[in-house]
There are 2 protein chains.
Amino acid sequence: MSNLELPVLGQDEAAACCSPMVREPLGEEAAVDLAKMFKALSDPVRLRLLSLIASHDGGEACVCDLTGPFDVSQPTISHHLKVLREAGLVGSERRGTWVYYWVLPAALARLSSLLEAPAGGSR
Amino acid sequence: MSNLELPVLGQDEAAACCSPMVREPLGEEAAVDLAKMFKALSDPVRLRLLSLIASHDGGEACVCDLTGPFDVSQPTISHHLKVLREAGLVGSERRGTWVYYWVLPAALARLSSLLEAPAGGSR
DNA sequence: CGGCTGTATCGACAGCCGTCGATGCAAGAG
DNA sequence: CTCTTGCATCGACGGCTGTCGATACAGCCG
């Protein structure tokens, strides 16, 4: 393990957080930072986990709600949740017996605005 | 090598293309399809290539404009461009001696809208 | 034609990633 | 305390991915 979770990070330095990448070339550091988040989204299981958590009642779900819908083992689900957490896309908290996960909307919003296309998409 | 480029695909079936994933759970097929695009974005070099192409004059760039800013070799750039093309994120065309690449705005828009957070970001 | 320049493909190789079963740890129940 | 349940970590393994140098292909120039 050895590596802690990046808080929400980058928000300031590696950021260039909001303007669409189609307007100006991405800096090298910002690209490295953003690539980590996109990598967290680059697996079908993690994408479904994220949407399952986000669309769950109350905006959060416990792991026990998440292992059912998948064909993979519980340790694998746990691994994917860890990846999402370390990428700063979800938060988690133990509450008694269960551990709950929720989406961090700011992170998704950052990626979303980055991908926004210019209105007049030329060709 | 053996696998052709997915045209733009999914636009119809695997799609569920537009509504944010935070509203309803992503289908398994849609997740697989979307994961391919996010995987194409999960490398810093490819992210910078994409923004470099998009922000280039006229909305397109020839490969000769793209090899300069990077530390990696020309075959590697070519490889990354191929990945972006097969993911349906960019288009390309040979024009005389040079090959030009441009961004496909619809693909970026699809991903962007998928990541849109619900306005009232709860916690 | 022959040579030169721009781009793609090939083959190889090291490192990363998704998955598993086994196991460990936390917390409530009896 | 002991048993059970929920979740995380560990170690292993096969497959994928990013990178390179070498090479092939395409089109212009002379």
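By convention in this document, chain letters (A, B, ...) are assigned in the order of the sequence lines, proteins followed by strands, and residues within each chain are numbered from 1. Computed from heavy atoms alone, side chains included, the values below leave out hydrogens, waters and symmetry copies.
The residue B:Phe70 sits apart from the nucleic acid: no heavy atom pair falls under 4.0 Å.
Partner assigned to D:dG30 is C:dC1, using Watson-Crick or G-U wobble distances below 3.5 angstrom.
Partners of A:Glu28 under the side-chain contact (heavy atoms from CB on, under 4.5 Å) rule, at least two apart in sequence or in another chain, are B:Arg48.
Phosphate proximity of D:dA8 to A:Ser78: present, with a side-chain N or O under 4.0 Å from OP1 or OP2. Between A:Tyr101 and D:dA8, a side-chain N or O to OP1/OP2 separation shorter than 4.0 Å is present.
Under a 4.5 Å side-chain heavy-atom cut-off, the cluster of Ile, Leu, Val, Met, Phe, Trp and Tyr residues that includes B:Val32 has no other member. In the hydrophobic clustering, B:Val83 connects to no other residue, as no ILVMFWY side-chain heavy atoms lie under 4.5 Å from its own. Clustering of Ile, Leu, Val, Met, Phe, Trp and Tyr by side-chain heavy atoms under 4.5 Å joins A:Trp98 with A:Tyr100.
Distance, A:Glu93 CD to D:dC7 P: 14 Å, rounded to whole Å. For the pair B:Glu86 CD and C:dA8 C1', the computed distance is 12 Å after rounding to whole Å. To the nearest angstrom, C1' of C:dG6 lies 11 Å from OH of B:Tyr100. Nucleotide C:dT7 holds its P atom 11 Å from the CD1 atom of B:Ile77, rounded to whole Å. Note: CZ (A:Phe38) to C1' (C:dC16) measures 20 Å, nearest angstrom. Straight-line distance from the CG atom of B:Leu41 to the P atom of D:dT17: 14 Å, rounded to whole Å. Regarding A:Arg85, its CZ atom lies at a distance of 7 Å from the P atom of D:dA8, rounded to whole Å.
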| field | Heavy-atom protein contacts under 4.0 Å, nucleotides 17-25 of chain C, coded B base, S sugar-phosphate only, - none | value | SSBBBB---

| message | A:Leu81 vs A:Ile53, test: side chain to side chain contact (heavy atoms under 4.5 Å, CB included). Steps then yes/no. | response | CA-CA 10 Å; A:Leu81 288 170; A:Ile53 292 170; 4.0 Å; yes

| request: Please step through side chain to side chain contact (heavy atoms under 4.5 Å, CB included) for the pair A:Glu93 and A:Trp102, ending with a clear verdict. | output: CA-CA 9 Å; A:Glu93 179 187 10; A:Trp102 57 87; 3.5 Å; yes

Please tabulate, for the side chains in residues 38-45 of chain A, all donor-acceptor contacts under 3.5 angstrom to protein atoms that are two or more places apart in sequence or on a different chain.
unit_1: A:Ser42; atom_1: OG; unit_2: A:Lys39; atom_2: O; d: 2.7
unit_1: A:Asp43; atom_1: OD1; unit_2: A:Val45; atom_2: N; d: 2.8
unit_1: A:Asp43; atom_1: OD1; unit_2: A:Arg46; atom_2: N; d: 3.3

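Proximity note for A:Lys82 (side chain, C-beta onward) versus D:dC28, D:dT9, C:dT9: the nearest is D:dT9.
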